[in-house]
Amino acid sequence: MNGKLSNISKWVFGLLALITVAMAVYFYLGLKDEARTSMLLNWGYILIILGVVLALISALFTGVVKGVKGKKLLILVIAVAVIAVVAYVMAKGAFDVPYQAGETLYSGKTHGLVEFALDFFYVTLGVSILSILFSVIYKAVKK
């Protein structure tokens, strides 16, 4: 089963890569107008959403196959939710700040979402570094 799933994922990844390359070539060889830019950005959004969905499905599938207990899964979901809340609180002020790019004035919502994503990444990075350090120190002391 795992071999078939791996083979299917390779074909799907290859197809998505070919579509992305074809769209990029189409974008860069032609005039860079609003329609092509919008098409390329929308394809990027689709790939991001698809990546998040596949990551969640992969984690759940692996949990079912390896028999992860519900308690560990609940702890993981709560930890991610806490990190998301911390990142949102850190970025809360950015949602009200409009910004200007050239002659266009954008709302603070986009700015706030970018700030939230960066804060989420930074908090997750910090937590992962701390957990690695704790694990190394704990194993060294335990021996």
Side-chain angles (χ1 to χ4, degrees), residues 1-28 32-143:
M1 175 77 179
N2 197 13
K4 289 181 184 178
L5 203 58
S6 175
N7 198 14
I8 291 171
S9 65
K10 286 179 187 177
W11 281 102
V12 168
F13 175 72
L15 178 68
L16 290 175
L18 283 175
I19 292 171
T20 303
V21 167
M23 290 178 79
V25 168
Y26 176 70
F27 176 77
Y28 286 109
K32 295 176 181 123
D33 59 351
E34 288 292 320
R36 290 180 189 215
T37 304
S38 177
M39 177 193 67
L40 203 57
L41 284 174
N42 288 335
W43 179 247
Y45 296 146
I46 290 170
L47 287 179
I48 289 171
I49 292 169
L50 188 62
V52 168
V53 168
L54 289 177
L56 292 173
I57 289 173
S58 174
L60 290 175
F61 182 74
T62 304
V64 169
V65 168
K66 293 192 176 191
V68 175
K69 305 240 187 294
K71 183 179 177 183
K72 288 184 180 181
L73 187 61
L74 183 63
I75 290 171
L76 177 68
V77 169
I78 290 172
V80 170
V82 166
I83 291 173
V85 167
V86 168
Y88 179 77
V89 168
M90 288 170 59
K92 190 149 178 78
F95 282 94
D96 298 328
V97 179
Y99 66 100
Q100 188 166 358
E103 295 182 13
T104 308
L105 183 67
Y106 293 98
S107 72
K109 182 177 180 185
T110 304
H111 185 256
L113 290 174
V114 170
E115 185 75 24
F116 166 74
L118 286 171
D119 289 345
F120 188 86
F121 172 74
Y122 295 147
V123 172
T124 306
L125 178 69
V127 168
S128 64
I129 289 172
L130 288 175
S131 65
I132 290 170
L133 289 174
F134 175 78
S135 174
V136 168
I137 292 170
Y138 181 76
K139 286 181 182 178
V141 171
K142 190 175 178 182
K143 288 183 179 185

Extract all donor-acceptor atom pairs below 3.5 Å that involve side chains of residues 117-132 and protein atoms in other chains or at least two apart in sequence.
| from | atom 1 | to | atom 2 | distance (Å) |
| --- | --- | --- | --- | --- |
| Thr124 | OG1 | Phe120 | O | 2.7 |
| Ser128 | OG | Thr124 | O | 3.2 |
| Ser128 | OG | Leu125 | O | 2.8 |
| Ser131 | OG | Val127 | O | 3.3 |
| Ser131 | OG | Ser128 | O | 2.8 |

For residues 16-24, dump all side-chain donor-acceptor pairs below 3.5 Å to protein atoms at least two apart in sequence or in another chain.
| from | atom 1 | to | atom 2 | distance (Å) |
| --- | --- | --- | --- | --- |
| Thr20 | OG1 | Leu16 | O | 2.8 |
| Thr20 | OG1 | Trp43 | NE1 | 2.9 |

Please name the pair of heavy atoms, one in Tyr26 and one in Arg36, separated by the smallest distance, quoted to 0.1 Å.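 Scanning both residues, the minimum pair turns out to be O-NH1, 2.7 Å.
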
Show the nearest heavy-atom pair for residues Phe116 and Ala84, with the distance to one decimal.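 Looking at all heavy atoms of both residues, the shortest contact is CE1-O, 3.3 Å.
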
Name the residue from Ile75, Leu76, Leu74 that meets the side chain to side chain contact (heavy atoms under 4.5 Å, CB included) definition with Ile78.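 So, applying the side chain to side chain contact (heavy atoms under 4.5 Å, CB included) to Ile78 and each of Ile75, Leu76, Leu74, only Leu74 qualifies.
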
Going by ring pair (Phe, Tyr, Trp, His ring centres under 6.0 Å), name the residues that satisfy it together with Tyr138, two or more places apart in sequence or in a different chain.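 Testing Tyr138 for ring pair (Phe, Tyr, Trp, His ring centres under 6.0 Å), a comparison that skips the adjacent residues, returns Phe134.
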
Applying side chain to side chain contact (heavy atoms under 4.5 Å, CB included), name anything that partners Val53, two or more places apart in sequence or on another chain.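 Val53 satisfies side chain to side chain contact (heavy atoms under 4.5 Å, CB included) with Ile49, Ile57 only.
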
